[in-house]
S.K.: 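Here it is: the structure, laid out below.
Side-chain atoms are counted along with the backbone in the values below, which use heavy atoms only and exclude waters and symmetry mates. Order of appearance sets the numbers: ligands from 1, and atoms from 1 within every ligand. Residues: numbered from 1 along the sequence shown.
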Amino acid sequence: MNRLTHFKKGLALLLALFMVLSLAACQPTTTEAPAAPVDESVDALFQAGTYTATVDGHNGDLTVEVTVTADEIVSIETTDHKESAGITDLVFERIPAAILSQQNLAVDAVSGATVTSDALISAIINALEQAGADIAALQSGAGSAAATGEAVSYDADVVVIGGGGAGLAAAVTAHQNGASVIIIEKMPRLGGNTILSGGAFNAVDPGRQEAQGIEDSIDKHFQQTFDGGDQVGNPELVRVLVENAYPAIEWLESLGMKFNDEVFTVLGGLWPRAHKPSTPLGTGFIDTYSNYINAHDGIEVLLDTEATELIVENGRVTGVIAKHFNDDVTLNASKGVVMASGGFGVNSEMRDRFNEDWPALTNLKSTNHPGATGDGLVMAEAIGASLIGMKDIQLLPLGDPNSGSLSGNIEQGVENRIFVNKEGNRFVDEGARRDVMTLALMEQTDSYLYVVLDSTNYPDPETQKNNFNETINELIDQGRAFKGDTLEELAAAINVDPASLVQAVESFNEAVEKGGPDEFGRTLFDRKIEQAPFYAGPRVPTVHHTMGGIEINTLAQVLDTDGNVIPGFYAAGEVTGGIHGANRLGGNALADIAVFGRIAGENVANEQ
Ligand code: ADP
């Protein structure tokens with residue numbers, strides 16, 4: 001952090017100047033906003049006062065104000081920051097609280113928000129340096145409670161590893177079937193990828209679909225899922241998925257969840273059978289499960305608790321070893337364990353190990369939440385579970401260049417936008433399969449594209465939002481989207497050849513007029529790109545879903561490498577393989593995790 005170093009140097013000079021002036025005036029003072037007289041005693045830990053420091057956070061300046069007396073840190077306030085809401089909220093709660101209670105700097109970063117945690121800690125350090133603190137002593141945390149671990153153990157009928165959509169469906173179902181349940185979640189909050197998802201849930205639903213005049217059938221959902229996965233999924237599991245998708249919706253509704261009346265086709269979903277929750281993104285699922293958990297005894301959640309190993313006794317899975325900060329946690333499960341720890345989308349080493357079909361994935365980011373590290377696959381494999389389809393990794397071409405997330409995407413509809421590369425040229429059918437578009441993108445300069453569209457997509461740039469609640473004007477202000485009153489101006493803003501961009505748009509407009517397949521084979525057309533102002537937004541390939549995983553049977557029991565059931569061991573959700581084959585359809589993941597989560601929960605609860 002160069003800014004910090006400069007800041008420190010500047011500060012040192014300022015301090016020296018102040019000291020001279022202060023001495024001359026014989027007037028004790030602090031460097032900034034003095035709140036109390038300087039403590040002259042030799043033992044003072046700090047020079048009393050309130051100190052301010054600003055550092056670079058994840059998204060921009062982060063400023064703290066720290067108040068100390070001679071021997072105590074009394075308050076830490078983050079007065080300004082630009083970090084995204086969500087998990088970083090916990091950083092601003094937890095880290096100051098820990099420092100104040102421990103009175104030292106031996107604190108952990110919040111999982112999933114390490115950049116923000118580190119920024120906050122360095123701002124606090126900076127402020128304490130100004131107060132003359134011995135930072136090394138504070139960092140060593142001598143005598144701190146956090147440094148010593150304890151051994152803790154819990155007993156339940158069922159232990160569920162992972163508090164995403166699959167784990168929560170399994171836990172609630174196991175509890176409904178009479179089991180006592182403990183869910184362990186390594187992150188500081190529940191939700192996994194579900195909470196980040198668009199919320200689309202595919203199910204054949206005669207009621208809603210007939211009202212919209214949509215023809216559909218379980219067989220059609222089966223065939224599209226199986227064929228869409230290049231026919232390498234396990235047909236028995238696919239059948240279970242499609243037959244139980246609507247019952248899972250009804251079950252969620254019985255728990256209080258609300259879905260809109262209209263179904264729609266989600267991107268990559270192939271047919272209008274996607275149900276959209278009435279609340280934003282995937283929050284409705286997680287809120288529904290959380291409400292159930294809060295309203296019932298006998299179902300407990302341990303956050304910040306990371307499973308590291310499965311306990312196996314006489315060939316049966318009987319528990320889990322985990323870590324809760326420094327505590328060693330043992331969880332005994334009298335009926336069994338459900339593995340629902342998700343995929344390995346953010347684990348670059350595992351992606352490289354299993355990838356066979358893509359160019360190197362090493363430096364790619366992911367749309368996934370930070371806990372998608374594949375731990376469950378490692379734990380399951382260590383006890384002999386069979387892993388299948390591990391090479392099948394789904395990428396999307398529309399990741400945010402900084403985070404890999406799908407946020408910041410300016411597209412409003414597939415029909416009305418084109419992609420251009422850094423040279424300003426189109427390079428692919430923008431309505432093709434997601435893997436086809438991504439592969440083509442990976443062949444472009446820096447694997448980088450701009451989504452280009454016109455203002456008919458944004459009749460009101462101040463209020464109209466994308467899927468992530470962002471307006472185009474907000475994205476432009478943040479430097480994540482660009483605008484031009486002419487295509488030439490837009491080309492200058494994104495630094496591509498203006499002649500190429502104009503030519504790309506003109507030939508696209510001709511194809512819209514003709515309506516037939518264009519030079520890239522594109523057939524999806526609606527409006528021309530012709531209404532100024534024009535917008536562009538950068539996108540890169542991003543890892544979205546890992547289709548492979550633990551092999552299960554239709555009862556969600558885990559199989560070993562010889563095809564035998566591993567007693568007491570169930571798995572559900574993205575940690576499993578064999579359902580989506582080589583390519584997952586949009587809208588099928590939320591169905592998968594609810595369907596197989598419920599099956600795992602019911603069957604584990606009914607173990608003797
Ligand atoms: P799914 O969609 O299958 O539910 P998610 O990735 O959404 O998968 O959720 C999996 C959850 O499991 C995440 O919340 C993740 O943080 C959690 N998890 C992953 N590894 C561990 C682990 N070792 N111990 C506890 N929880 C874990």
Side-chain angles (χ1 to χ4, degrees), residues 86-87 90 110-113 154 159-173 182-201 241 248 281-283 285-286 289-290 301-310 319-325 327 329-331 337-347 350 366-382 394 543-550 552 556 570-580 584 587-601:
I87 208 152
L90 287 174
V110 172
S111 306
Y154 295 87
V159 173
V160 176
I161 302 175
L168 292 170
V172 169
T173 309
I182 296 177
I183 304 162
I184 56 173
E185 167 54 58
K186 74 170 174 178
M187 305 302 282
R189 66 165 184 185
L190 296 175
N193 279 330
T194 295
I195 216 152
L196 304 177
S197 75
F201 186 122
L241 167 71
L281 302 174
T283 53
F285 296 95
I286 305 306
Y289 295 130
S290 299
V301 178
L302 304 179
L303 295 175
D304 295 300
T305 305
E306 178 171 345
T308 54
E309 211 179 305
L310 293 161
V320 181
I321 305 282
K323 201 86 185 157
H324 174 68
F325 299 111
D327 292 346
V329 184
T330 304
L331 298 119
V337 171
V338 179
M339 183 62 81
S341 55
F344 57 98
V346 302
N347 186 328
M350 277 180 90
S366 169
T367 60
N368 286 199
H369 73 101
T373 45
D375 309 3
L377 298 159
V378 176
M379 284 182 266
E381 196 176 30
Q394 184 168 57
V543 177
H544 188 49
H545 194 96
T546 50
M547 276 77 69
I550 299 173
I552 54 168
Y570 293 79
E574 196 172 339
V575 76
T576 65
I579 295 159
H580 305 289
R584 180 184 61 79
N588 269 2
L590 291 178
D592 166 19
I593 64 184
V595 166
F596 284 95
R598 290 182 73 203
I599 293 174

S.K.: Go ahead and list the nitrogen or oxygen contacts between ligand 1 and the protein that come in under 3.5 Å, distances to 0.1 Å, or just say none.
M.R.:
unit_1   : atom_1 : unit_2 : atom_2 : d
ligand 1 : 3 (O)  : E574   : N      : 2.8
ligand 1 : 4 (O)  : G165   : N      : 3.2
ligand 1 : 4 (O)  : A166   : N      : 2.9
ligand 1 : 6 (O)  : H369   : NE2    : 3.0
ligand 1 : 7 (O)  : N193   : N      : 2.7
ligand 1 : 14 (O) : E185   : OE1    : 2.5
ligand 1 : 14 (O) : E185   : OE2    : 3.2
ligand 1 : 16 (O) : E185   : OE2    : 2.6
ligand 1 : 20 (N) : D375   : OD2    : 3.4
ligand 1 : 23 (N) : A307   : O      : 3.0
ligand 1 : 23 (N) : D375   : OD2    : 2.8
ligand 1 : 24 (N) : A307   : N      : 2.9
ligand 1 : 26 (N) : K186   : N      : 3.1

S.K.: Return yes if some donor-acceptor pair links the side-chain N/O of N368 with the main-chain N/O of F344 below 3.5 Å, else return no.
M.R.: no
S.K.: With T173, which residues qualify under side chain to side chain contact (heavy atoms under 4.5 Å, CB included), at least two apart?
M.R.: N177, W251, R598, E602
S.K.: Any side chain to side chain donor-acceptor pair (under 3.5 Å) involving residues 162-172? Give me the pairs, sequence neighbours left out, ordered by first then second residue.
M.R.: none
S.K.: Counting only N and O atoms by type, is there a donor-acceptor contact under 3.5 Å from the side chain of E309 to the main-chain atoms of A322?
M.R.: no
S.K.: For N193 and H369, indicate whether the former's side chain and the latter's backbone hold a donor-acceptor pair under 3.5 Å.
M.R.: yes
S.K.: Mind checking side chain to side chain contact (heavy atoms under 4.5 Å, CB included) for T576 and listing every partner two or more places apart, or none if nothing turns up?
M.R.: I552, A571, I579
